[in-house]
Amino acid sequence: MFLEEHLVAVPFDVKTLVLAVAGQSKAIAGGFLDHSRLAGTKNIYGEDQLELDKWADQLLIDAFEETGIVRNVASEEQGEIVEIVKARGSWGITIDPLDGVSCVKTNLAVGTIVGMFNEGDVLEKGSMMDAACFVLYGPLTTLVYAYKGKGVHEFALDKKTGRFVLREESITIPQGEIYGSGGLKSEWTDAHAKFISELEKNNYKLRYSGSLTADFNQVLHYGGVFCYPALKNKPEGKLRLLFEANPLSFIAAEANGAGSNGVQSILDVEPKKISDRTPLYLGDKKTIALAEKFLKQ
Ligand code: P6P
C-alpha cells in the first residue's frame, strides 16, 4: 500500500500535510551533498546553522504555505512564528527541519520532525496535537506518521518509483531493553544516574547515536528508552519542547508508549515560549514508569 492510499483513513487536511512533508523529504534526502557547508548564521539556540538547516527549513515552510491550509509555522530555525496571512485554513505546524544535522558529517541518520495542530496555536500543550510525523534519512528514507486515535504507521521511500510504500502498520512500542542517554555522565543528576544504573543491572543495552530521530526510531521498534535528562548545570535539559519532545511524545503515546520529562507526561506540559527546552524520556510504558519512579524521588 502507498502512503497516499493509507492516508484516506485520516481527515483530508492531515493527508495534505503529511504528503507535503513526504514530498519535500525526497528533495532533502537528495540534498545532503550539496548543502553541508556552514551558513555563517546561528539559530535561536545560538547553534551554528548549516546551509542544510536553512535550505530544508525554507523547503518545508514553502510547502506548507502551498497547501493553503497552514496559518502558522514555528520552526527551530526561525526566531519567530511564521504567519501565513493568506491561508484559508487554520493549521499550526511545528518543525525541526533537520534534527541531528551535526551527524551528517559522519554519515549517521538524521531526521525531520513535524507537529500539527488544527486550531493553529503551536504553543498549545502536546495533548492538543492532532497529528505528527517524522522522516528518518538513513539507509532507507522512512516516514512515520500518527493521527490521534488512529495509530502509528511507517513507510519507506522506494527510490526507483519515488513513492512511499507501507513498511509497518499500527506500530506499538514493545517492552524492550535498549537505552540511550545524552549529557555528560559527570553532569547527570543522582536520580538519573541511579535510573541508568538500574537499567544496566537489568541488562539494558546502550544504543546512542547523537541523533534524536534515529535513537527514538530504534526505541519505537525495539522498546526501551531514549533520554536526554535534566543536567546539574542545565535543569531544563537540551531538547526542545515544541520541535522535538511534543511531536515524538505524541507518536510514542499513539504507539502505546510514553514521553515524559521525568515527573509528568510531556503532553501535559504547558509551553511558555517557542524556544522552551525540556528533559525528555521516550520509550515503552514500563521503562518510562521506572524512570519516573527514580526521577520523582
Ligand atoms: P549531544 C542533535 O543536536 C540533538 O538535538 C538531538 O538530535 C540529539 O539527541 C542530541 O542533540 C545529541 O546531543 O549532547 O549528545 O551531542
Side-chain angles (χ1 to χ4, degrees), residues 25 28 32 35-36 38-39 41-54 56-57 60 74-78 94-115 132-138 142 144 178-189 192-193 196 206-222 224-252 257 259-262 266 274-283 287-288 291:
S25 70
I28 294 170
F32 286 111
H35 299 275
S36 50
L38 278 174
T41 52
K42 293 185 182 297
N43 65 16
I44 52 178
Y45 300 95
E47 297 158 337
D48 288 330
Q49 290 175 306
L50 291 183
E51 275 179 31
L52 264 175
D53 288 309
K54 294 168 73 79
D57 189 44
L60 289 163
S75 164
E76 188 175 301
E77 304 306 328
Q78 300 281 338
T94 63
I95 53 175
D96 182 353
L98 265 183
D99 162 68
V101 75
S102 58
C103 293
V104 170
K105 184 177 172 70
T106 49
N107 197 26
L108 290 174
V110 296
T112 294
I113 306 171
V114 182
C133 69
F134 68 83
V135 180
L136 186 59
Y137 310 94
T142 53
V144 170
I178 280 177
Y179 81 93
S181 177
L184 291 175
K185 276 194 175 181
S186 59
E187 291 299 330
W188 287 356
T189 62
H192 182 73
I196 297 298
L206 173 61
R207 289 268 176 88
Y208 187 84
S209 76
S211 172
L212 164 64
T213 317
D215 292 340
F216 170 64
N217 191 55
Q218 189 153 214
V219 167
L220 182 66
H221 289 279
Y222 293 150
V225 63
F226 166 85
C227 24
Y228 208 108
L231 301 173
K232 287 175 187 168
N233 61 348
K234 279 189 194 161
E236 77 287 349
K238 173 181 184 181
L239 299 181
R240 295 77 179 183
L241 174 60
L242 265 65
F243 306 118
E244 293 161 332
N246 266 343
L248 297 185
S249 295
F250 176 90
I251 290 171
S260 171
N261 61 8
I266 286 284
I274 61 171
S275 59
D276 280 354
R277 295 177 190 263
T278 177
L280 180 60
Y281 295 77
L282 288 164
T287 308
I288 297 301

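Start at 1 with the first residue, then count along the sequence. Remember, it's 1-based here, ligands and their atoms both numbered in the order they're listed. Owing to the predicted nature of the structure, the values given are computational and were not obtained by experimental measurement.
The backbone N or O of Val135 lies less than 3.5 Å from no partner atom in the side chain of Thr112, so there is not a single donor-acceptor pair. Put simply, the side chain of Glu47 never gets that close to the backbone of Asn43: no donor and acceptor are under 3.5 Å apart.
In plain terms, the two heavy atoms of Val219 and Val225 that are nearest each other are CG2-C, 3.7 Å.
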| field | Residues Ser275, Tyr45; criterion side chain to side chain contact (heavy atoms under 4.5 Å, CB included); working and verdict | value | CA-CA 8 Å; Ser275 59; Tyr45 300 95; 4.1 Å; yes
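Residues meeting the side chain to side chain donor-acceptor pair (under 3.5 Å) test with Lys42, sequence neighbours left out: Asp48.
At a heavy-atom cutoff of 4.0 Å, ligand 1 is surrounded by Asp99, Gly100, Tyr208, Gly210, Ser211, Leu212, Phe226, Tyr228, Lys238, Leu239, Arg240, Glu244.
How far CG of Asp215 is from OH of Tyr228: 11.5 Å, rounded to the nearest 0.5 Å.
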